[in-house]
Amino acid sequence: MQIGNLEVELLCAGYFSLDGGASFGIIPKAVWQKVCEADEENRIRVACRSLLIKTEKKNILVDTGMGEKWDDKFIEMYAIDNSSSLSSSLSNLGMKVEDIDIVVNTHLHFDHCGGNTIDNSGEIDPAFPNARYVIQKGEWDWALNPDERSAGSYLDENYQPLMQNFGMVDLVEGNFKICDEVELIITEGHTKYHQSVLVSAGEERVFFPGDLVPTSMHVHLPWIMAYDLFPYDSIQTRKKIFKRAINENWIIALEHDPVYEFGRIRIEKGKFIFVPEER
């Protein structure tokens, strides 16, 4: 996708499966299964996508998927499908991992930063050796000291070595501009310091919400993941973001939707809806 002087791509970093009930919170299965089929273990298949932004000076990658540092038990539990990876997706564009200058993590749950690092014969190395990793300081602090509810989502090997062994992490606080065209926006709800990415060029806007809006189904305000630590804040943040997205005609780039990659937010009969857009 060309917007202004930028190139924007959604890269597939694989697929995995999550419990359907946890994915849709209070929404009954009788409702959500009409739009999202579950397997025999009540899991739904979701995508892992990363946003690649190519500016005139920098190649910026937002989120890195599940990565490949998993044992057989973990792979089976989440039905991880790495038939498509970030490295192969970059290769399809004629790029290498060395070409990435900046990696942004929306937050530090394992399905968003598992690809930050690689296991190199027992040594944890950066997957993008020439990149700076940009993370919210509040999210970093929480990841190092999570509560019992969220501890299983934070795995040190995905981010700690980047700071301790390589000094590659830049901690930022609050809304932050990577460059004139790329802005990080705090979108709390899923986690306290979750950040989304707004790309602006001319009159066009592309918004990568991360887990604020993981799939097109989560545009409906009551559809909130049980994984959200602050569900009330999720609703309030989405309402604010959706109103701006409609007013400015943003393109929404979805990280986890199993079918749709891009779309726009509209209002129909007083409710927010997702309208897919072919690219």
Side-chain angles (χ1 to χ4, degrees), residues 11 13-14 16 18 22-23 46-52 60-70 74 77-78 80 85-86 97 100 102-119 124-129 131-176 178 182-197 208-214 225-231 233-234 237 254-256:
L11 306 183
F16 68 108
L18 286 173
S23 299
V46 295
C48 273
R49 299 192 186 98
S50 302
L51 186 71
L52 174 66
I60 302 167
L61 187 69
V62 185
D63 281 350
T64 61
M66 299 279 283
E68 300 178 7
K69 304 186 301 295
W70 312 114
F74 196 94
M77 180 167 59
Y78 288 101
I80 296 175
S85 66
L86 268 185
V97 294
I100 300 301
I102 296 172
V103 173
V104 174
N105 289 139
T106 58
H107 60 299
L108 293 176
H109 287 173
F110 60 76
D111 57 317
H112 294 258
C113 68
N116 282 359
T117 59
I118 56 174
D119 187 338
I124 301 298
D125 289 330
F128 303 94
R132 302 297 302 177
Y133 290 74
V134 181
I135 301 165
Q136 283 289 326
K137 183 179 184 303
E139 178 70 12
W140 178 270
D141 292 341
W142 182 264
L144 298 187
N145 297 283
D147 62 13
E148 293 80 0
R149 183 175 184 269
S150 55
S153 296
Y154 291 106
L155 304 177
D156 284 352
E157 62 266 28
N158 292 331
Y159 42 85
Q160 275 271 44
L162 297 173
M163 177 76 85
Q164 292 181 343
N165 301 341
F166 301 98
M168 300 173 71
V169 177
D170 293 327
L171 299 179
V172 299
E173 297 187 67
N175 295 353
F176 182 83
I178 298 289
V182 182
E183 182 180 6
L184 311 182
I185 300 174
I186 294 294
T187 48
E188 63 179 300
H190 184 63
T191 68
K192 181 70 174 176
Y193 300 97
H194 184 283
Q195 60 185 357
S196 302
V197 178
F208 189 73
D211 272 351
L212 177 70
V213 190
M225 294 190 293
Y227 304 112
D228 283 16
L229 297 180
F230 307 95
D233 292 336
S234 290
T237 301
L254 296 173
E255 187 159 6
H256 286 315

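The first residue of the sequence shown is numbered 1, and numbering continues consecutively from there. If you're wondering where the values come from, they're calculated on a predicted model, not measured in any experiment.
- Annotation: side chain of F128 is in contact with side chain of L86 (closest heavy-atom distance under 4.5 Å).
- Legend: residues meeting ring pair (Phe, Tyr, Trp, His ring centres under 6.0 Å) with F16, ordered by chain and number and at least two apart, are H256.
- The ring pair (Phe, Tyr, Trp, His ring centres under 6.0 Å) search around Y78 returns F74, F110, not counting sequence neighbours.
- Here the side chains of Q195 and V104 are in contact, with some heavy-atom distance below 4.5 Å.
- The two residues H112 and D211 come nearest to each other via the heavy atoms NE2-OD2, 2.9 Å.
- Applying the side-chain hydrogen bond (donor to acceptor under 3.5 Å, both in side chains) criterion to E188, with sequence neighbours excluded, gives K192.
- Relative orientation of the Y154 and H109 rings is perpendicular, given thresholds of 30° and 60° on the angle between their planes.
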(request) Could you give me the CA-CA distance, side-chain angles and deciding distance for Q160 and W140, then say whether side-chain contact (heavy atoms from CB on, under 4.5 Å) is met? (result) CA-CA 9 Å; Q160 275 271 44; W140 178 270; 4.1 Å; yes
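- Y133 is linked by a ring pair (Phe, Tyr, Trp, His ring centres under 6.0 Å) to nothing, counting only residues two or more places apart in sequence or in another chain.
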(message) Working note: K69 + I124, criterion side-chain contact (heavy atoms from CB on, under 4.5 Å); need CA distance, chi angles, decisive distance, verdict.
(response) CA-CA 9 Å; K69 304 186 301 295; I124 301 298; 4.0 Å; yes
(request) Show your reasoning for whether side-chain contact (heavy atoms from CB on, under 4.5 Å) applies to I135 and V169. (result) CA-CA 7 Å; I135 301 165; V169 177; 4.0 Å; yes
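- Checked by atom type and distance alone, the side chain of D63 never pairs as donor or acceptor with a backbone atom of L51 at under 3.5 Å.
- A pairwise comparison of heavy atoms in G65 and A13 identifies CA-CB, 4.2 Å as the closest pair.
- Using a 4.5 Å heavy-atom cutoff, the side chains of L61 and L11 are in contact.
- Atom CD1 of I118 sits about 9.0 Å away from atom CD of E68, to the nearest 0.5 Å.
- For the atom pair CG of L162 and CG of D156, the computed distance is 11.5 Å after rounding to the nearest 0.5 Å.
- Closest heavy-atom contact between G167 and R132: O-NH1, 2.9 Å.
- The two atoms that bring I102 and A131 nearest to each other are N-CB, 4.1 Å, heavy atoms only.
- Note that OG of S234 and CG of D228 are 3.5 Å apart. Values are rounded to the nearest 0.5 Å.
- Across all non-hydrogen atoms, the minimal contact from P129 to A127 is CD-O, 3.4 Å.
- By the side-chain hydrogen bond (donor to acceptor under 3.5 Å, both in side chains) test, D141 is found to be paired with K137, residues two or more places apart in sequence or in another chain being considered.
- Residue F208 holds its CZ atom at 9.0 Å from CG of L254, rounded to the nearest 0.5 Å.
- Once rounded to the nearest 0.5 Å, the distance linking CG of L144 with CE of M163 reads 8.0 Å.
- Nearest approach of G138 to Y193, heavy atoms of both residues: C-CD1, 3.3 Å.
- Looking only at distances, no side-chain donor or acceptor of Q136 sits under 3.5 Å from a matching main-chain atom of L171.
- Residues L229 and S150 have side chains in contact (heavy-atom distance under 4.5 Å, counting atoms from C-beta outward).
- Side-chain N/O atoms of T117 and E157 include no donor and acceptor closer than 3.5 Å.
- With sequence neighbours left out, T187 forms a side-chain hydrogen bond (donor to acceptor under 3.5 Å, both in side chains) with H194, S196.
- Residues W142 and L108 have side chains not in contact (no heavy-atom distance under 4.5 Å, counting atoms from C-beta outward).
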(request) Begin from the C-alpha positions of L155 and W70 and carry the test side-chain contact (heavy atoms from CB on, under 4.5 Å) through to its verdict. (result) CA-CA 11 Å; L155 304 177; W70 312 114; 3.4 Å; yes
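- Between the side chain of N116 and the backbone N or O of N158, at least one donor-acceptor pair lies under 3.5 Å.
- For the atom pair M66 CE and I80 CD1, the distance stands at 3.5 Å (nearest 0.5 Å).
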